[in-house]
Amino acid sequence: MTGYRLTRLLPADHLHRALRADARAGLTGQPKRLPPKWFYDARGSELFEEITRLPEYYPTRAEREILTVRAGEIAAATGARTLVELGSGSSEKTRLLLDALRGHGTLERYVPVDVSESALESAATSLIEEYPGLDVSAVLSDFTTGLGLPEEGGGPRLVVFLGGTLGNLVPAERAAFLSGLRAQLLPGDALLLGTDLVKDPAVLVAAYDDAAGVTAAFNRNLLSVLNRELDADFDPAQFAHVALWDPEQEWIEMRLRSLRAQSVKITELGLAVHFEEGEELYTEVSAKFRRERVERELFAAGLKLSDWWTDAEGRFGLSLSRPMTDASD
């Protein structure tokens, strides 16, 4: 049967409870920090789409370039009947893979996994119209805590995790995520992973601190989310956007720096949070990779890298890996 089905693995109040927990833990810790997933309310998603079109922000274009050139090769290598996308969002780049798998004659099913039900419904509706006969089985899930992939039929499966989102996890989180994902993969399945690569720090910093200030607005929007959802009284104008390259960790850090000593009330949590002048709220890390590091982290999780592609300028990497089954792998 074709059409759209949605499996809800999150309670209706999951996001609000998770935001409360993250805000309480993050704003009372030292240093203060919040996970980057809270950037993406409706306004944050709009701002991020604008970021992907900026001249400084190369990752989206570089990844799309690889997919445009290599999608047919990926389809032939995997023979996937089911395409699973983690953090699917609008599923824009995924269409290149859907087209390739359909052209290869194997595509039957698409499984978008996302924490946003509205994003899933929007993507599913458009894809069913564009791909007659495609079975869309969406999963409302937080993939950092549990994927909940459908188990019935549809193999082999190609699981894709694009956009360099893996880099938003610190090493221990990446290890846990990849190991958890490996546990749900079956023989014949494959993982297509997008990773931004280490390069000139000036290029990296510019991508996260653009001249037009769009990324700064995106970063500050996190405070607006707290104001709306938790009845806080942040003044975003009193926080400066900061993007720094950490050469030891090989990641970009985004922060919000308090421009003055100030106290912020978060009414729903019963908290008053004090910021010293110059104190920073950490909002995102974005790790950059080398092929050797990607291969090492995949191997540690029980995945063997089989193919590696970059764009023409070597800015972004796509890796295809498969679950290891025994010591001979």
Inset, instruction - If the plane angle is over 60° it's perpendicular, under 30° parallel, otherwise tilted; pick one for F177 and F161. - result: tilted
Legend entry - R255 backbone acceptor or donor facing N219 side chain under 3.5 Å: yes
Legend entry - Non-hydrogen side-chain atoms of L162 and L318 separated by less than 4.5 Å: yes
Inset, instruction - Following the transitive rule for hydrophobic clusters with a side-chain heavy-atom cut-off under 4.5 Å over Ile, Leu, Val, Met, Phe, Trp and Tyr, establish whether L320 and V69 coincide in one cluster. - result: no
Legend entry - Transitive ILVMFWY side-chain link V170 to L193, under 4.5 Å: no
Legend entry - Partner residues of H16 under the side-chain hydrogen bond (donor to acceptor under 3.5 Å, both in side chains) criterion, sequence neighbours left out: E268
Inset, instruction - Using atom types as modelled and distance alone, determine if a side-chain donor or acceptor of H274 lies under 3.5 Å from a backbone N or O of Q262. - result: yes
Inset, instruction - Indicate yes or no for a side-chain donor-acceptor contact from R24 to the backbone of L269 under 3.5 Å, with no hydrogens or angles considered. - result: yes
Inset, instruction - Please tell me if the side chains of V159 and D189 come closer than 4.5 Å, counting only heavy atoms from C-beta onward. - result: no
Legend entry - Interatomic spacing from CG in D235 to CZ in R260 - rounded to 0.5 Å: 6.5 Å
Inset, instruction - Return yes if some donor-acceptor pair links the side-chain N/O of S319 with the main-chain N/O of W308 below 3.5 Å, else return no. - result: no
Inset, instruction - Determine, using the 4.5 Å side-chain heavy-atom cutoff (strictly less than), whether L107 and V136 are members of one ILVMFWY cluster. - result: yes
Inset, instruction - Could you state whether Y282 and L169 fall into the same hydrophobic cluster, counting links through intermediate Ile, Leu, Val, Met, Phe, Trp or Tyr residues with side-chain heavy atoms under 4.5 angstrom apart? - result: no
Legend entry - Carboxylate-amine/guanidinium proximity below 4.0 Å for R64 and D311: no
Legend entry - Sequence-distant partners of E121, salt bridge (charged side-chain N to carboxylate O under 4.0 Å, His left out), two or more places apart: none
Inset, instruction - Determine whether more than 12 heavy atoms belonging to other residues, nucleotides or ligands lie under 6.0 Å from atom CD of Q30. - result: yes
Legend entry - Within 6.0 angstrom of R61 CZ, more than 12 heavy atoms from elsewhere: yes
Inset, instruction - Would you mind listing the cluster partners of L244? Hydrophobic ones only (ILVMFWY), side-chain contacts under 4.5 Å, chaining allowed. - result: V242
Inset, instruction - Take D196 and S286 through the side-chain contact (heavy atoms from CB on, under 4.5 Å) test and state the conclusion after the steps. - result: CA-CA 9 Å; D196 196 9; S286 184; 5.5 Å; no
Inset, instruction - Decide yes or no for Y57 and V214: does some side-chain heavy atom of the first lie under 4.5 Å from some side-chain heavy atom of the second? - result: no
Legend entry - Lys/Arg N to Asp/Glu carboxylate O, K199 vs E313, below 4.0 Å: no
Inset, instruction - Let me see the working for E73 and W309 under side-chain hydrogen bond (donor to acceptor under 3.5 Å, both in side chains), right down to the final yes or no. - result: CA-CA 11 Å; E73 190 175 337; W309 304 281; 3.3 Å; yes
Legend entry - I252 and its side-chain contact (heavy atoms from CB on, under 4.5 Å) partner, picked from D246, V285, V205: V205
Legend entry - Interatomic distance, L83 atom CG to L158 atom CG [nearest 0.5 angstrom]: 5.5 Å
Inset, instruction - Decide, yes or no, whether a salt bridge links R81 with E108 under the criterion of side-chain N to carboxylate O below 4.0 Å. - result: yes
Legend entry - Sequence-distant partners of E65, salt bridge (charged side-chain N to carboxylate O under 4.0 Å, His left out), two or more places apart: R315
Inset, instruction - Identify, with sequence neighbours excluded, every residue that meets salt bridge (charged side-chain N to carboxylate O under 4.0 Å, His left out) alongside D200. - result: none
Legend entry - Co-membership, hydrophobic cluster, residues I51 and M254, 4.5 Å side-chain: yes
Inset, instruction - Output yes when a side-chain donor or acceptor of R290 lies under 3.5 Å from a complementary backbone atom of V198, and no otherwise. - result: no
Legend entry - Under-4.0 Å salt bridge between R70 and D307: no
Legend entry - Passing candidate, salt bridge (Lys or Arg N to Asp or Glu O under 4.0 Å) with E280, options R33, R257, K32: R257
Legend entry - Selection residues 17-42 - residue pairs positive for ring pair (Phe, Tyr, Trp, His ring centres under 6.0 Å), sequence neighbours left out: F39-F218, Y40-F48, Y40-F218
Inset, instruction - Compute the ring centroids of Y110 and Y131, then answer whether they are less than 6.0 Å apart. - result: no
Legend entry - Donor-acceptor pair, side chain of S122 and main chain of A119, under 3.5 angstrom: no
Legend entry - Sidechain N-carboxylate O distance under 4.0 Å for K265, D233: no
Inset, instruction - Can you measure from CZ (R322) to CG (L303) and round to the nearest 0.5 angstrom? - result: 11.0 Å
Inset, instruction - Give a yes or no answer on whether the side chain of N221 reaches the backbone of S224 with a donor-acceptor pair at less than 3.5 Å. - result: no
Legend entry - Flag for R182-S321: side-chain donor and acceptor within less than 3.5 Å: no
